[in-house]
Structure formats: structure tokens, C-alpha cells
Asks: 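Input: one structure, supplied below.
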Amino acid sequence: MRWFKKKRSEVRNIQDPTTPISDRAVMAFFGGGDYFSLSGEEVNAETALKVPAIWGAVNFLSSTIASLPLKTYKKNKDGRGEDTSKLFYLLHNAPNQEWTSFKWRKYSMQNVLLHGRSITFIERNQGNQVVALWPLNPASVTVHHDGKTTKYKHSGGAVYDASEVVDIQFMYHADQIKTVNPIDRLRDAIGLSLALQGYASKHFRSGGVPPLVLQGPAMSPAAAQRASDDIKDAIQRASSEGRAAVAIPEGYELKPLGFNPEQSQLEAARRFQLEEIARVFSLPPVFLQDLTRATFSNAEQQDLHLVKHTLTSWLKQWEEELNLKLFPNTNSRFAEFNLDGLLRGDFKTRMEGYSKGVQNGLITPNEARAKENRVPMDGGDKLFIQQNMSDMKNLNAQKEEPHQQEPEGDDDAAD
């Protein structure tokens with residue numbers, strides 16, 4: 001039998017001269033840890049917001065979900081109706097005496113998108129009735145499992161059961177406890193966006209002049225330094241005065257170092273990073289203000305794509321978590337977002353939809369008027385249907401029925 005020696009795993013050490021300065025081991029030694037990307041940029045929730053695409057994605061998603069009406073409903077024998085209990089006010093208006101519902105949901109979604117998780121404490125009175133909802137800083141909460149249930153320990157010392165918190169996560173970890181932080185997992189992609197942004201800023205800060213090297217007859221180090229300083233000053237003066245000419249001594253030549261933005265396709269690279277970030281947050285690029293492929297004909301389809309493939313999954317998670325924690329052991333009461341505002345479409349489309357709904361007995365005229373914020377009218381609470389519609393079976397029966405002929409009479413006898 002042949003035995004194979006297991007290969008030692010490679011360990012990066014800053015004392016190894018072959019380890020590059022950009023290696024994570026070197027950055028960890030200087031306090032960078034895992035916050036630095038391979039491009040050398042520090043990436044965390046604060047620095048990620050310096051990327052316009054991430055700023056736009058976080059602000060758009062959090063504001064959109066916060067602006068949707070969130071109401072509670074109660075099932076009854078006639079269907080369902082709005083539930084006007086204390087929870088209706090907490091979810092729709094203000095979860096506590098300090099926060100509005102919009103502020104609470106926007107803050108929660110910002111934490112989900114930037115930190116991977118949002119946690120809200122459910123305050124109950126002695127009668128086990130919900131009296132307030134308090135958002136917590138996820139960085140101050142440690143989640144663990146004690147062998148029976150999941151516990152949430154706050155840095156202030158309080159420990160909450162899973163039934164006492166509303167926990168919204170970006171993506172679930174395999175251990176069912178930790179959460180997947182999108183900023184940490186996509187550190188290198190975000191770091192590249194920061195590096196491209198920094199390179200472009202440095203390029204334009206120097207007046208569009210790339211890094212240069214002076215080549216010519218051999219000079220002493222001091223002379224080379226003086227020549228470098230003189231050329232730098234001359235370029236800055238020419239840029240500030242609007243002049244393009246810089247005098248170069250005879251026998252010397254200025255050559256650029258690296259690539260200019262056009263050769264390195266800086267604009268295309270930055271647009272690609274925007275598309276990468278749009279993929280992370282499942283957003284069509286048009287919602288990050290990238291109108292490269294947007295047209296008048298596909299604008300409404302982009303809205304439908306947003307609702308069907310992005311918002312629906314987030315709202316479903318919110319609704320099920322709220323129903324599980326706020327309405328335990330009951331199916332008669334539930335919370336639900338209203339998407340009518342996002343799906344209203346243009347005026348012509350709305351009117352055609354209302355018309356078909358009323359004519360086919362799906363909605364009453366007053367229900368259609370309520371969607372347009374118009375006052376109800378007398379007689380508008382009835383369902384209507386067009387009279388020129390008949391059952392297909394009855395029509396076929398009428399066709400198959402034989403035609404009855406009048407009995408033949410004796411006209412002369414009648415006379």
C-alpha cells in the first residue's frame with residue numbers, strides 16, 4: 001500500500017518576503033483584518049456607502065418598502081376587513097412614541113442591506129398585548145442558541161426570546177443563527193468600485209495629467225528631485241492659467257506611467273461595477289439611474305420586474321415574520337402590505353382596469369372610486385354585470401330545439 005503525505009496548507013506570513021504587501025495577513029497585522037479588499041480599499045458599511053450605486057440601492061429599497069401602506073386585517077364571514085386595533089396603529093402609523101412607521105421600516109431595511117440583519121424588540125404588557133415596537137442596533141445584539149431556543153442578548157444585559165423580536169435577515173447562514181452580510185461577502189467587488197472611483201478622482205485632480213517620469217541624461221539624485229519639483233510646479237501653473245505648454249529642457253522627455261482612463265476603459269469598468277451591485281440587490285440597473293438600456297417602451301415592464309422579483313420576496317418575509325410574532329396561533333388576523341400604489345400604472349390603464357372590473361362584477365363602482373381617492377356615490381356599492389352575456393349551454397339548447405309550426409287550417413271553413 002502506498003501512503004501519501006498530506007500537503008501542508010499554505011499559511012501567509014508577513015515575515016515571508018514573498019508575501020505581497022496587499023495580502024490580508026499584512027493588512028491584519030496593521031489592524032485592517034478582513035475589512036480590506038484585495039484592491040487595498042477598506043470596505044465596511046460606512047465606506048460602502050461612498051459608492052453611489054450602493055447608496056442608491058440601499059436608499060431606494062429601504063424608502064420603497066417604508067413608504068408602502070402596512071395594515072392589519074381581520075377575517076370574518078363576509079371575507080376580510082381592516083383591523084382597527086392597537087396593532088393597526090403600531091404598524092401603520094407609529095410603532096412607539098418616538099418613531100414613525102416609515103422611519104422604523106426604513107431604518108430596519110438599511111440594517112438588513114448594510115449589516116445583513118435588523119432586530120426589533122416587541123414590548124408587551126402584563127396581559128401579553130403588544131404595546132410598542134423598538135428597533136435595536138444589530139451590532140449591539142448577539143444571537144445564540146441555548147440548546148432549546150434562539151436567544152438575543154443585548155449589550156445592555158437584556159436577553160430576549162425569539163418570540164420577543166422581529167428578525168429580518170438578508171440571507172440565512174447554514175447554522176441558522178448567524179446571517180450573511182452582503183457587504184462582507186462582496187468586499188472585493190465593492191473594493192474595486194472604491195478603487196475605480198479613487199483612481200478617477202486622482203486623475204481629474206491632477207488636471208487629467210497622468211503620472212509622468214522624466215527621462216534624459218544621467219543626473220544626481222538632488223538634481224533629479226529638483227527637476228521633478230520644477231516640472232510639477234510648471235504643470236500646476238499651466239493648468240491653473242489655462243495653458244497647455246510646459247517647457248522641457250533639451251535632451252529630456254516626459255513619458256506617462258500606467259494607462260490613461262480611456263485606454264483602461266475606466267468608464268466601462270465603472271458601469272460594469274454598477275451592474276454588479278445591481279445584481280447583489282436584485283435591482284434592474286434603471287433603478288440605480290443607469291438609463292443606458294432604458295426605453296419608453298420597457299419602463300413599465302421594469303416596474304413589474306421590480307415588484308415581482310424583488311419587492312415581493314422582501315414583503316413576504318416581513319409579513320410572515322410579523323404574523324408569526326404579533327399574531328401567534330391564529331389565522332383570523334394578519335398584517336399585509338398594499339402594493340396598489342406601485343401597480344397603479346398610467347391613467348388610461350387604470351381606467352380600463354376599473355371599467356372591466358365593474359362591468360364583470362369583480363368590484364363595485366365605489367371600490368373603484370376609493371382607489372382614486374374619490375367620495376362614494378349613492379347606489380355605488382352594488383355589483384353590476386352586462387346583460388348581453390348568456391350561458392353557452394343555454395344557447396346550444398336553443399339552437400337544437402325544433403321549430404314549432406302552426407297547425408294547418410281551412411281558410412274556406414273559417415269563412
Side-chain angles (χ1 to χ4, degrees), residues 31-35 42-49 54-55 57-59 61-63 65-66 70 87 90-91 94-126 128-187 190 280-281 313-328 335:
D34 287 337
Y35 291 105
E42 182 181 6
V43 177
N44 52 45
E46 296 298 326
T47 59
L49 287 176
I54 294 181
W55 175 282
V58 172
N59 189 53
L61 280 175
S62 60
S63 298
I65 293 177
L70 175 59
L87 278 174
L90 293 178
L91 295 178
N96 54 67
Q97 62 268 28
E98 298 179 3
W99 291 64
T100 64
S101 179
F102 180 93
K103 181 179 178 181
W104 163 54
R105 284 181 278 158
K106 184 176 176 66
Y107 174 78
S108 298
M109 280 306 301
Q110 285 176 350
N111 283 329
V112 172
L113 299 173
L114 292 174
H115 304 282
R117 173 178 246 153
S118 75
I119 300 175
T120 300
F121 168 62
I122 305 172
E123 181 185 355
R124 291 182 169 91
N125 58 18
Q126 294 181 351
N128 202 31
Q129 295 177 333
V130 179
V131 295
L133 302 172
W134 297 96
L136 304 177
N137 183 358
S140 302
V141 180
T142 303
V143 185
H144 68 279
H145 199 276
D146 62 358
K148 296 182 179 180
T149 60
T150 303
K151 300 290 185 180
Y152 296 77
K153 184 177 181 180
H154 193 267
S155 58
V159 179
Y160 308 115
D161 292 332
S163 60
E164 296 180 289
V165 299
V166 176
D167 187 2
I168 307 295
Q169 299 183 38
F170 187 92
M171 186 179 291
Y172 301 96
H173 196 272
D175 62 5
Q176 304 177 17
I177 302 298
K178 296 190 294 292
T179 185
V180 178
N181 188 330
I183 302 300
D184 289 342
R185 290 298 177 93
L186 299 163
R187 183 182 302 110
I190 298 173
V280 173
F281 296 102
S313 59
W314 282 118
L315 300 182
K316 190 67 174 179
Q317 183 181 177
W318 270 90
E319 291 171 353
E320 293 192 353
E321 181 72 6
L322 291 173
N323 293 332
L324 176 66
K325 304 300 178 61
L326 300 181
F327 306 103

Asks: Please give me the minimum heavy-atom distance between Ala335 and Phe327, naming the atom from each residue.
Replies: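 Scanning both residues, the minimum pair turns out to be N-CE1, 3.9 Å.
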Asks: Kindly give the heavy-atom pair with the smallest separation between Ser118 and Asn111, and that separation in Å.
Replies: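 Closest heavy-atom pair between Ser118 and Asn111: CB-CB, 4.1 Å.
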Asks: Which donor-acceptor pairs under 3.5 Å do side chains of residues 313-322 form with protein atoms, sequence neighbours excluded?
Replies:
| unit_1 | atom_1 | unit_2 | atom_2 | d |
| --- | --- | --- | --- | --- |
| Ser313 | OG | Thr310 | O | 2.9 |
| Gln317 | OE1 | Gln169 | N | 3.0 |
| Gln317 | OE1 | Tyr172 | OH | 3.1 |
| Gln317 | NE2 | Gln169 | O | 3.3 |
| Glu319 | OE2 | Phe337 | N | 2.9 |
| Glu321 | OE2 | Asp167 | N | 3.0 |
| Glu321 | OE2 | Lys325 | NZ | 2.6 |

Asks: Heavy-atom count check: over 12 atoms from other residues, nucleotides or ligands less than 6.0 Å from Arg124 CZ?
Replies: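 Atom CZ in Arg124 is crowded, with more than 12 foreign heavy atoms closer than 6.0 Å.
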Asks: What are the two closest non-hydrogen atoms of Ile190 and Val43, and how far apart are they?
Replies: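 Taking every non-hydrogen atom into account, CG2-CG1, 3.9 Å.
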Asks: Any heavy-atom pair between the side chains of Ile168 and Ser108 that's under 4.5 Å?
Replies: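 They are not in side-chain contact.
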Asks: Would you list the pairs meeting salt bridge (charged side-chain N to carboxylate O under 4.0 Å, His left out) in which at least one residue belongs to residues 98-113, sequence neighbours left out?
Replies: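 Every candidate salt bridge (charged side-chain N to carboxylate O under 4.0 Å, His left out) pair involving residues 98-113 fails, so no pair, neighbours aside, qualifies.
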Asks: Identify each donor-acceptor pair in which a side-chain atom of residues 129-138 lies under 3.5 Å from a protein atom, sequence neighbours left out, and give them as a table.
Replies:
| unit_1 | atom_1 | unit_2 | atom_2 | d |
| --- | --- | --- | --- | --- |
| Gln129 | OE1 | Asn125 | ND2 | 3.4 |
| Trp134 | NE1 | Glu123 | OE1 | 2.7 |
| Asn137 | OD1 | Ala139 | N | 3.1 |

Asks: Could you give the distance from NE2 (His115) to CG (Asn44), rounded to the nearest 0.5 Å?
Replies: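 So the gap between those two atoms works out to 9.0 Å.
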Asks: Using side-chain heavy atoms (C-beta onward) and a distance below 4.5 Å, is Ile177 in contact with His173?
Replies: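 Not touching, per the 4.5 Å side-chain cut-off.
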Asks: For the residue pair Phe281 and Ala57, what are the closest heavy atoms and their distance?
Replies: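 Taking every non-hydrogen atom into account, CD1-CB, 3.7 Å.
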Asks: Do Lys151 and Asp161 have side chains that approach each other closer than 4.5 Å (heavy atoms only, starting at C-beta)?
Replies: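 Result yes, sub-4.5 Å side-chain heavy-atom pair found.
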Asks: Could you grab the distance from atom CD of Gln110 to atom CG of Leu49, nearest 0.5 Å is fine?
Replies: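 It is 8.5 Å, given to the nearest 0.5 Å.
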Asks: Got a second to check how far Ser62's OG is from Tyr107's OH, nearest 0.5 Å?
Replies: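 Here the interatomic distance stands at 12.5 Å.
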Asks: Ignoring hydrogens and angles, tell me if any N or O in the side chain of Ser101 forms a donor-acceptor pair with the backbone of Leu91 under 3.5 Å.
Replies: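 The answer is yes, because a donor-acceptor pair under 3.5 Å joins these two groups.
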Asks: Should Tyr160 and Val141 count as side-chain neighbours, where that means a heavy-atom distance under 4.5 Å?
Replies: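 No - every pair of side-chain heavy atoms lies 4.5 Å or more apart.
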Asks: Is a side-chain N or O of Thr47 found less than 3.5 angstrom from the main chain of Glu42, in a donor-acceptor match?
Replies: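 Yes; judged by distance alone, with no hydrogens or angles, the pair exists.
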Asks: Would a distance-only check, ignoring hydrogens and angles, find a side-chain to backbone donor-acceptor pair under 3.5 Å from Asn96 to Trp99?
Replies: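 Yes: the side chain of Asn96 pairs with the backbone of Trp99.
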Asks: Can you tell me how far apart CE (Met171) and CG (Asn181) are? Round to the nearest 0.5 Å.
Replies: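 Result: 11.0 Å between the selected atoms.
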Asks: Checking Val280 against Ile54 for the side chain to side chain contact (heavy atoms under 4.5 Å, CB included) test, could you report, in this order, the C-alpha distance in whole Å, the side-chain angles of both residues, the deciding distance, and whether it holds?
Replies: CA-CA 10 Å; Val280 173; Ile54 294 181; over 6 Å; no
Asks: So does Gln126 have more than 12 non-hydrogen atoms from other groups sitting under 6.0 Å from CD?
Replies: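 For Gln126, atom CD is not crowded (no more than 12 foreign heavy atoms under 6.0 Å).
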